[in-house]
2 protein chains.
Amino acid sequence: MTTAATDPIDIDTQYIREAIRDAIVDRRLAPGTKLSEADVGALFHVSRTLVRGALQALSYEGLVNVEKNRGAFVANPSPEEARQIFATRRMIEPGVLMEAARHITPSDIQHLKQLLMEERRLMGERGQSARRAEIKASGDFHLMLTSLTKNAVLQRFMDELVARSSLVIALYGQSAISSCGHHEHEDILDAIEKKDLERACKLMIHHIDHIEADLDLRAEKGSELKEAFRL
Amino acid sequence: MTTAATDPIDIDTQYIREAIRDAIVDRRLAPGTKLSEADVGALFHVSRTLVRGALQALSYEGLVNVEKNRGAFVANPSPEEARQIFATRRMIEPGVLMEAARHITPSDIQHLKQLLMEERRLMGERGQSARRAEIKASGDFHLMLTSLTKNAVLQRFMDELVARSSLVIALYGQSAISSCGHHEHEDILDAIEKKDLERACKLMIHHIDHIEADLDLRAEKGSELKEAFRL
DNA sequence: ATCGGTCAAATTGTATACGATCTGTTGCCT
DNA sequence: AGGCAACAGATCGTATACAATTTGACCGAT
């Protein structure tokens with residue numbers, strides 16, 4: 001076996017950024033968790049300098065909050081933030097769909113179908129890690145669709161939106177996703193394959209609506225004291 | 001005169017980031033210009049540490065390119081990038097418009113009208129600084145519209161898109177903006193005021209189309225050697 | 001004269017050192 | 001006992017020092 005996982009030689013800001021990002025999106029790091037520069041640096045055997053860079057980058061993505069002179073914490077998105085994220089997805093994703101459909105090839109469709117099969121397989125599994133993998137696979141469908149647009153700007157926006165959505169789903173999801181989420185991806189792909197873009201768009205919007213509807217966004221949750229006390 | 005411009009007391013990463021950003025968007029820094037960490041640091045009387053943070057942030061926004069071991073350069077967007085930026089705006093801005101219209105108040109409309117008057121005033125002026133101000137005012141209309149949505153995620157996306165658009169317009173614009181660009185903002189606002197959202201959306205799309213149509217995006221320009229030689 | 005290689009200057013990459021700020025605790029005073 | 005102030009530990013913010021890399025110049029060989 002390689003030693004890559006525990007003893008990677010080339011640790012740079014980017015590597016750390018992605019490692020933390022994955023951990024957050026996979027919910028191995030709980031929202032609110034403090035990410036001390038010294039601790040993270042020790043973990044990766046690098047100085048605080050590189051860690052700071054990674055944390056700053058993640059704060060631009062909205063995955064961590066950095067509080068001045070207090071440190072960085074895994075983001076704990078408020079219900080309001082969650083709503084904004086999904087509102088933005090509703091605006092963008094129909095366009096993504098249309099643009100992706102213009103470029104899509106039969107080979108792309110095969111790849112997407114394969115992803116959906118993998119997703120379905122995971123759905124059968126039980127346990128927390130399966131649920132993580134399911135959330136991830138669900139996001140990957142949207143990201144792969146986006147990659148077909150060959151639009152780097154859009155890709156970055158969607159990367160951020162999907163990552164933050166994962167966090168929100170993990171926080172507020174009521175776990176009915178399994179039942180509704182999956183068919184919808186297949187239906188969307190079907191509509192694209194049949195060039196029925198109008199239907200595909202409609203399905204996409206409904207899909208996003210359903211994901212958001214599965215969330216429990218009633219104000220109080222975790223740490224939003226400021227909101228709770230109307231400060 | 002005040003010494004604020006040359007001797008500000010509180011210089012932090014954010015301040016530097018905004019200063020450079022403004023300079024790039026205003027085109028006081030030409031695309032391709034090298035931003036040496038030491039030089040910038042000397043200018044603001046800070047160490048390279050803060051400058052690096054600012055440059056990294058700007059690279060996430062797509063306003064500067066950081067090349068490993070070579071330094072940071074003011075972005076020189078390729079025609080392809082320009083197309084992607086405008087394609088993305090076409091996807092997002094109709095949604096922005098709809099959402100903004102839902103929240104808009106008479107007072108907001110007054111503010112927007114005031115902005116448009118200012119814009120029109122600048123249009124009368126001549127010279128490079130007037131053109132800069134005009135490009136800026138033109139972007140501000142879109143940003144102010146976005147701010148009405150009260151959606152922070154969206155706001156950040158639009159901030160980036162508008163900033164990069166300014167760069168692209170400065171680079172590839174053929175300066176016919178004056179004639180077409182302005183009426184369109186007024187027309188859009190009119191349509192919003194009359195609650196004719198369908199018309200407002202259509203006008204917005206056309207507006208973006210017109211801006212892009214005014215660009216000269218034929219491949220070769222400046223430094224895109226890789227493209228030029230098909231590497 | 002041109003090509004190739006070696007070397008020096010300049011610039012970035014990373015680590016470390018030091019100062020500033022926050023947090024929690026201790027102990028005194030009322 | 002309760003509250004306030006001073007202090008100590010920990011953590012972040014910034015600057016500086018040193019290592020690694022790039023770039024351009026010089027110089028000798030073909």
Side-chain angles (χ1 to χ4, degrees), chain A residues 7-20 23-24 29-76 222-223 225-226 229 231, chain B residues 6-21 23-24 29-76 223 225-226 231:
Chain A
D7 188 28
I9 295 305
D10 252 348
I11 306 246
D12 65 343
T13 300
Q14 198 61 17
Y15 179 89
I16 298 171
R17 177 181 166 284
E18 281 167 18
I20 299 180
I24 293 176
L29 282 171
T33 304
K34 171 151 192 181
L35 299 168
S36 153
E37 296 176 356
D39 291 354
V40 177
L43 258 168
F44 291 100
H45 308 292
V46 295
S47 75
R48 284 174 47 215
T49 308
L50 297 186
V51 178
R52 269 181 87 79
L55 293 176
Q56 189 178 333
L58 288 166
S59 92
Y60 286 115
E61 280 186 88
L63 291 181
V64 315
N65 299 326
V66 265
E67 296 178 30
K68 178 158 172 124
N69 275 316
R70 295 210 358 111
F73 303 83
V74 177
N76 200 345
S223 65
L225 301 183
K226 303 124 193 166
F229 290 110
L231 293 180
Chain B
T6 54
D7 189 29
I9 296 304
D10 252 350
I11 307 247
D12 65 341
T13 299
Q14 199 60 17
Y15 179 90
I16 298 171
R17 177 182 165 285
E18 281 167 19
I20 298 180
R21 185 188 147 102
I24 293 176
L29 283 171
T33 304
K34 171 154 191 179
L35 299 169
S36 154
E37 296 177 356
D39 291 355
V40 177
L43 258 168
F44 290 99
H45 310 292
V46 295
S47 76
R48 284 174 45 215
T49 308
L50 297 186
V51 177
R52 271 180 85 80
L55 292 175
Q56 188 178 332
L58 289 166
S59 92
Y60 286 115
E61 280 187 88
L63 291 180
V64 314
N65 300 325
V66 218
E67 296 178 30
K68 178 156 172 130
N69 276 317
R70 294 209 358 120
F73 303 83
V74 177
N76 199 345
S223 64
L225 301 184
K226 302 123 193 169
L231 292 181

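Below, all heavy atoms of this structure are taken into account, side chains as well, without hydrogens, waters or symmetry copies. Being a predicted model, the structure only gives us computed values, none of them experimental. In the text below, chain A, chain B and the rest are named by the order of the sequence lines, each starting its count at 1.
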Task: Nearest-Å distance for atom pair CD1/P, residues Ile11(A) and dA15(C) - done: 10 Å
Task: Shortest non-hydrogen contact from Ala57(A) toward Gln56(B) - done: CB-NE2, 4.3 Å
Open item on the list: As a test of reading the structure: which of dT12(C), dA15(C), dC12(D) is closest to the side chain of Leu50(A), going by heavy atoms?
Closed with: dA15(C)
TODO: Rounded to the nearest angstrom, tell me the gap between atom CD in Glu37(B) and atom P in dT14(C).
DONE: 11 Å
TODO: Look at all strands and tell whether Ser36(A) reaches a base, only sugar-phosphate, or nothing, counting heavy atoms closer than 4.0 Å.
DONE: sugar-phosphate
- [ ] Quickly work out the Gln56(B) CD to dT14(C) C1' distance and round it to whole Å.
- [x] 13 Å
- [ ] Check side chain to side chain contact (heavy atoms under 4.5 Å, CB included) between Asn69(A) and all other residues, then give those that pass, not counting sequence neighbours.
- [x] none
Task: With Asp12(B) via side chain to side chain contact (heavy atoms under 4.5 Å, CB included) - residues at least two apart - done: Gln14(B), Tyr15(B)
Task: Terminal axis angle for the helix from dA1(C)-dT30(D) to dT30(C)-dA1(D), five pairs an end, nearest 10 degrees - done: 0°
- [ ] Report the residue (Leu35(B) or Thr49(B)) whose heavy-atom-nearest nucleotide on DNA chain C is the more 5′ of the two.
- [x] Leu35(B)
- [ ] Just jot down the side chain to side chain donor-acceptor pair (under 3.5 Å) partners of Thr49(A), sequence neighbours excluded, or say none.
- [x] Ser47(A)
Task: Distance in angstrom units between Ile16(B) CD1 and dT14(D) C1', rounded - done: 11 Å
Dump the pairs, protein N or O against N or O of nucleotides 5-8 of chain C, anything under 3.5 Å, distances to one decimal.
none

- [ ] Specify the closest pair of heavy atoms between Ile16(B) and Ala54(B), including all atoms of both residues, with the distance to one decimal.
- [x] CG2-CB, 3.8 Å
Task: Contacts of Ile24(B) that satisfy side chain to side chain contact (heavy atoms under 4.5 Å, CB included) - sequence neighbours left out - done: Ile20(B), Leu29(B), Leu63(B), Val64(B), Val74(B), Leu167(B)
Open item on the list: Distance check needed: dT12(C) C1' versus Asp12(A) CG, whole Å only.
Closed with: 14 Å
TODO: Taking all heavy atoms of Asn76(A) and all of Asn65(A), pick out the closest pair and write down the distance.
DONE: N-ND2, 4.2 Å
TODO: Report the distance from atom NE2 of His45(A) to atom P of dA15(C), rounded to the nearest whole Å.
DONE: 12 Å
Open item on the list: Taking side chain to side chain contact (heavy atoms under 4.5 Å, CB included) as the definition, give me every residue that meets it alongside Phe73(B), ordered by chain and number, with sequence neighbours left out.
Closed with: Lys34(B), Glu67(B), Arg70(B)
- [ ] Round to a whole Å and report the spacing from CD of Gln14(B) to P of dT14(D).
- [x] 12 Å
Open item on the list: Rounding to an integer number of Å, can you tell me how far Leu55(B) CG sits from dG13(C) P?
Closed with: 10 Å
- [ ] Determine, for nucleotides 17-25 of chain D in 5'-to-3' order, which nucleotides have protein heavy atoms under 4.0 Å from the base (write B), from only the sugar-phosphate (write S), or from neither (write -).
- [x] B---SSS--
- [ ] Kindly point out which of dT11(C), dA15(C), dT16(D) is positioned nearest to the side chain of Ser47(A)?
- [x] dA15(C)
- [ ] Please report the closest heavy-atom contact between Phe44(B) and Ile11(B), naming both atoms and the distance.
- [x] O-CD1, 3.9 Å
Open item on the list: Per the salt bridge (Lys or Arg N to Asp or Glu O under 4.0 Å) rule, what does the pair list look like for residues 50-64 of chain B, sequence neighbours excluded?
Closed with: Arg17(B)-Glu61(B), Arg21(B)-Glu61(B), Glu37(B)-Arg52(B)
Open item on the list: Testing the basics here: between Ala72(A) and Val66(A), what is the closest heavy-atom pair and its distance to 0.1 Å?
Closed with: CB-CG1, 3.6 Å
Open item on the list: Looking at every heavy atom in both Ala75(A) and Gly62(A), which two are closest together, and how far apart are they?
Closed with: CB-O, 3.5 Å
